[in-house]
Every structure is written in C-alpha cells, then in structure tokens.
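Worksheet for the structure shown next.
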There are 2 protein chains.
Amino acid sequence: MTTFFREKLQERGLKVTPQRVAIYEAIVKLNNHPTAENVIEYIKVNHPNISVGTVYKVLDSLVENELLKKVKTEKDIMRYDAVLSNHHHLYCAETDRIEDYEDEKLNKLINEYFIKNKIKNFNVTDIKLQITGKFKNNKK
Amino acid sequence: MTTFFREKLQERGLKVTPQRVAIYEAIVKLNNHPTAENVIEYIKVNHPNISVGTVYKVLDSLVENELLKKVKTEKDIMRYDAVLSNHHHLYCAETDRIEDYEDEKLNKLINEYFIKNKIKNFNVTDIKLQITGKFKNNKK
DNA sequence: TTCCGCAAAGATAATAATTCTTATTTAGTA
DNA sequence: TACTAAATAAGAATTATTATCTTTGCGGAA
C-alpha cells in the first residue's frame with residue numbers, strides 16, 4: 001500500500017523512515033484533509049515518541065517533493081491532502097469540512113477556455129476551484 | 001473616495017473612526033493584497049499610535065461586515081483584499097504576488113456548468129478560482 | 001455644560017501554530 | 001559491521017493572532 005510512497009521517496013533521494021511512512025499513512029487514513037495537529041494526535045497512538053517538529057518538517061518536505069498537497073481554507077491553519085490528481089475542493093465554512101471534488105468534464109471545459117482566452121502576462125501552471133457552500137446531509 | 005466605506009459602516013451600525021478609515025485606505029492603496037503586518041507598517045507613518053490589536057480587530061470586523069475579504073495563499077499568513085466583486089486570483093508561488101482576475105465570461109461559463117451539473121449533497125454559495133503560475137513581466 | 005453609557009482603541013499578556021537549534025540516532029551504503 | 005550524511009527528538013524561540021483589561025472619546029439626556 002505504501003509501495004508507491006516508498007518508491008517516490010527513493011526516487012527523490014529521501015530516506016524511507018518509519019516517521020515518514022507513519023505521517024503519510026496518517027494523512028491517507030484521516031481522509032478529511034487533516035491539520036498537522038490531527039496527524040500528530042493520530043500518530044502518537046502508535047508512535048508515542050514522534051516529535052512535533054519532525055511532523056512539521058516531514059509534512060513540508062513531502063509537499064515540496066510532491067507527495068502531499070497543502071490545502072488552504074478561510075482559517076489560518078494549514079491542512080494536507082494525499083490525493084495528488086488534479087481535483088477541486090468543496091468547502092463548508094460552517095463545519096470546516098473539506099471534500100474532494102473530481103470532475104473531468106469541468107477540467108476540460110476550463111482548460112479549453114484558457115486555451116482560447118489566454119491571460120496576458122501570466123503563465124498558468126495550475127487551476128483549482130474552491131467551491132464554498134454547505135453539505136446537505138450533515139453526517140459528520 | 002471613502003464615501004462608500006463610511007456609508008457602509010454606518011449602514012452596519014459601526015462607527016466611522018479614523019483608525020477604520022486608515023486601515024481601509026491602507027488595504028486599498030497597498031494593492032497587492034497586504035498582510036496585517038503590511039497594513040500596520042503602512043499606517044504607522046501617519047498614525048504612529050495605532051495599536052496592533054486594533055488593526056487585527058478592525059480587519060476582522062471589516063471582513064465580517066463584508067467590506068474586505070480574506071485571502072489565503074500557500075503561506076500561512078492571512079492577506080486582505082478590498083475588491084469585493086466576484087473575482088479570482090492569479091497567484092505566483094515564487095514571488096508570493098497575488099493579482100485580481102476578473103472575467104465575467106468565465107464566471108458565466110462556470111455558473112452555467114453548475115446549473116446543468118449539480119453537485120449532489122452540496123449547495124454552492126461561491127466559486128473561486130485559484131490560478132497558480134508565473135507572471136511574465138517581473139516588474140514588482 | 002456636565003454626566004452617563006457604550007463602542008472603540010490602546011497596551012500588553014496569552015495562546016497557538018510553526019520554525020529553529022543542537023545533540024543524538026538511524027537508514028542506506030561501502 | 002562500520003561509516004556518514006540525513007533524519008529525528010527535545011524543547012526553546014519566533015511569529016501571527018487573539019484575548020483581556022483599562023482608558024478614551026463621542027452622542028444623547030439631564
């Protein structure tokens with residue numbers, strides 16, 4: 001399951017350490033775009049000795065090495081996402097819940113739009129939609 | 001110039017104070033989506049006695065009263081925007097520069113798309129594009 | 001004008017998230 | 001197995017932000 005992760009680390013010249021694997025697994029399992037704190041809490045159960053600084057450093061380096069993505073919200077706490085495919089986010093400001101939203105048809109529509117309508121003075125590398133609203137079924 | 005601002009404050013039952021006016025003007029003039037710190041620095045010149053807490057408090061209440069918007073980037077510092085119309089952001093991760101991007105045609109396209117393709121279990125209230133890339137002419 | 005009430009501002013302490021520093025440990029390798 | 005650079009642990013330090021408490025200043029009633 002973490003084979004992909006291990007390979008990608010090595011590919012990047014990063015050592016495969018238990019802490020890195022644990023942090024990555026935590027993000028995958030805590031699948032509501034956890035904060036650093038959520039990760040620490042989750043990991044402490046099986047890795048009681050992991051250091052807070054390590055979690056932050058590992059998260060940073062995983063983002064830098066494109067194994068995780070940062071997710072921004074209205075709030076000032078950073079959150080993380082292990083889903084790397086080009087996707088958007090549904091965000092509920094009230095409950096702070098974030099859900100991934102994948103929509104190939106929409107991506108195509110937007111890409112085509114920007115091919116026809118270039119933004120002057122700007123080279124686009126990535127387009128993300130932040131869709132704010134409210135989930136209908138408020139099951140946690 | 002700040003007539004709109006003064007009226008909106010009164011409309012909301014908020015007092016028109018020199019600090020509020022100064023902070024609002026600072027955001028408008030520092031038009032690269034300044035941080036609270038940028039605002040403080042800028043204001044200190046003409047209002048040397050303004051308190052840091054006041055700036056944060058005023059920024060918060062202006063956001064709450066829809067006179068400013070919060071903008072979040074990859075960095076964890078909050079930034080502010082006085083442009084209230086429905087617009088998107090061009091963001092350069094390298095230089096941290098943010099520019100407003102208004103595009104009515106694009107808004108229409110996206111709105112129409114979501115009318116035809118409802119997201120199940122989610123009521124959309126707002127859609128924002130975060131367009132990441134690089135500015136071509138690197139004039140500051 | 002003076003006094004009262006209250007919203008706002010000032011000063012500064014407190015908190016929360018994150019970063020930094022240094023010593024120690026570990027993974028990958030020869 | 002031993003070596004070395006990279007990674008981790010521990011905790012201090014920093015940074016952005018929020019909270020608390022006091023003081024100020026303005027509008028309206030006496």
Side-chain angles (χ1 to χ4, degrees), chain A residues 2-3 5-27 33-44 46-65 67-68 70-80 96, chain B residues 5-6 8-27 30 33-44 46-65 67-68 70-80 96:
Chain A
T2 55
T3 324
F5 178 68
R6 288 157 186 280
E7 278 170 5
K8 192 103 184 202
L9 279 182
Q10 284 170 334
E11 193 180 290
R12 297 285 184 144
L14 297 175
K15 289 182 182 170
V16 178
T17 66
Q19 289 87 344
R20 283 180 177 156
V21 174
I23 289 166
Y24 182 75
E25 280 181 340
I27 305 270
H33 308 76
T35 62
E37 217 200 320
N38 297 148
V39 172
I40 292 162
E41 196 187 338
Y42 179 90
I43 285 188
K44 278 271 162 93
N46 294 316
H47 287 250
N49 295 328
I50 201 162
S51 156
V52 172
T54 300
V55 174
Y56 279 101
K57 218 182 309 166
V58 168
L59 287 173
D60 259 17
S61 84
L62 296 188
V63 169
E64 220 167 274
N65 288 282
L67 277 153
L68 293 178
K70 281 192 177 188
V71 184
K72 345 175 213 321
T73 70
E74 324 271 302
K75 302 279 161 46
D76 57 358
I77 306 155
M78 216 33 103
R79 297 170 67 166
Y80 297 87
D96 239 20
Chain B
F5 179 68
R6 289 159 186 278
K8 192 104 184 200
L9 278 183
Q10 286 170 331
E11 191 181 293
R12 296 285 184 145
L14 297 174
K15 289 185 181 163
V16 179
T17 67
Q19 290 87 345
R20 283 182 176 153
V21 174
I23 289 166
Y24 182 74
E25 279 181 342
I27 306 269
L30 293 168
H33 307 76
T35 62
E37 218 200 321
N38 297 148
V39 172
I40 292 162
E41 198 187 336
Y42 179 89
I43 285 188
K44 279 270 161 97
N46 294 316
H47 287 251
N49 295 328
I50 201 161
S51 157
V52 172
T54 300
V55 174
Y56 278 101
K57 226 181 305 170
V58 168
L59 287 173
D60 258 18
S61 83
L62 296 187
V63 169
E64 222 167 89
N65 288 283
L67 278 153
L68 294 178
K70 279 195 178 186
V71 184
K72 184 81 180 286
T73 69
E74 320 275 301
K75 303 279 160 49
D76 57 358
I77 305 158
M78 216 37 100
R79 296 170 68 166
Y80 296 86
D96 235 22

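Computed from heavy atoms alone, side chains included, the values below leave out hydrogens, waters and symmetry copies. Chain identifiers are assigned alphabetically (A, B, ...) following the order of the sequence lines, protein sequences preceding nucleic acid strands; residue numbering begins at 1 within each chain.
Residues V58(B) and T17(B) have side chains not in contact (no heavy-atom distance under 4.5 Å, counting atoms from C-beta outward). Contact annotation: the side chain of L9(B) never approaches that of K15(B) to less than 4.5 Å [non-hydrogen atoms, C-beta and beyond]. Contact annotation: the side chain of Y80(A) never approaches that of H33(A) to less than 4.5 Å [non-hydrogen atoms, C-beta and beyond].
Formation of a donor-acceptor pair under 3.5 Å by the R6(B) side chain with backbone atoms of V16(B) is not found in this model. Distance alone, capped at 3.5 Å, places no donor-acceptor pair between the T2(A) side chain and the F5(A) backbone.
Between the CZ atom of R20(B) and the P atom of dT24(D) there is a distance of 19 Å, rounded to whole Å. In this structure, K15(B) places its NZ atom 8 Å from C1' of dG25(D), rounding to the nearest Å. Regarding N38(B), its CG atom lies at a distance of 15 Å from the C1' atom of dT17(D), rounded to whole Å. We find that CD1 of I77(A) is positioned 13 Å from C1' of dT18(D), with the value rounded to whole Å. For D60(B) and dA16(D), the CG to P distance is 16 Å, given to the nearest whole Å. Straight-line distance from the CD1 atom of I50(A) to the C1' atom of dG11(D): 16 Å, rounded to whole Å. The separation between I40(A) atom CD1 and dT8(D) atom P is 14 Å, rounded to whole Å. One atom, CG of N49(A), and another, P of dA7(D), lie 20 Å apart when rounded to the nearest Å.
Nearest-nucleotide mapping onto DNA chain C: of G53(A) and G13(B), the residue sitting toward the 5' end is G13(B). Mapping T54(B) and Y56(A) onto DNA chain C by nearest heavy atom places T54(B) closer to the 5' end of the strand. Residue K57(A) is the one, among K57(A) and V52(A), whose nearest nucleotide of DNA chain D lies closer to the 5' end (criterion: closest heavy atom).
Heavy-atom contacts of chain A under 4.0 Å fall on DNA chain C between two terminal nucleotides, which in 5' to 3' order are dA17(C) to dG28(C).
Closest approach of V55(A) and A36(A) over heavy atoms only: CG1-O, 4.3 Å. Of all the heavy atoms in S61(A) and N65(A), the pair that sits closest is O-ND2, 2.7 Å.
At the heavy-atom level, P48(A) lies nowhere under 4.0 Å from the strands shown.
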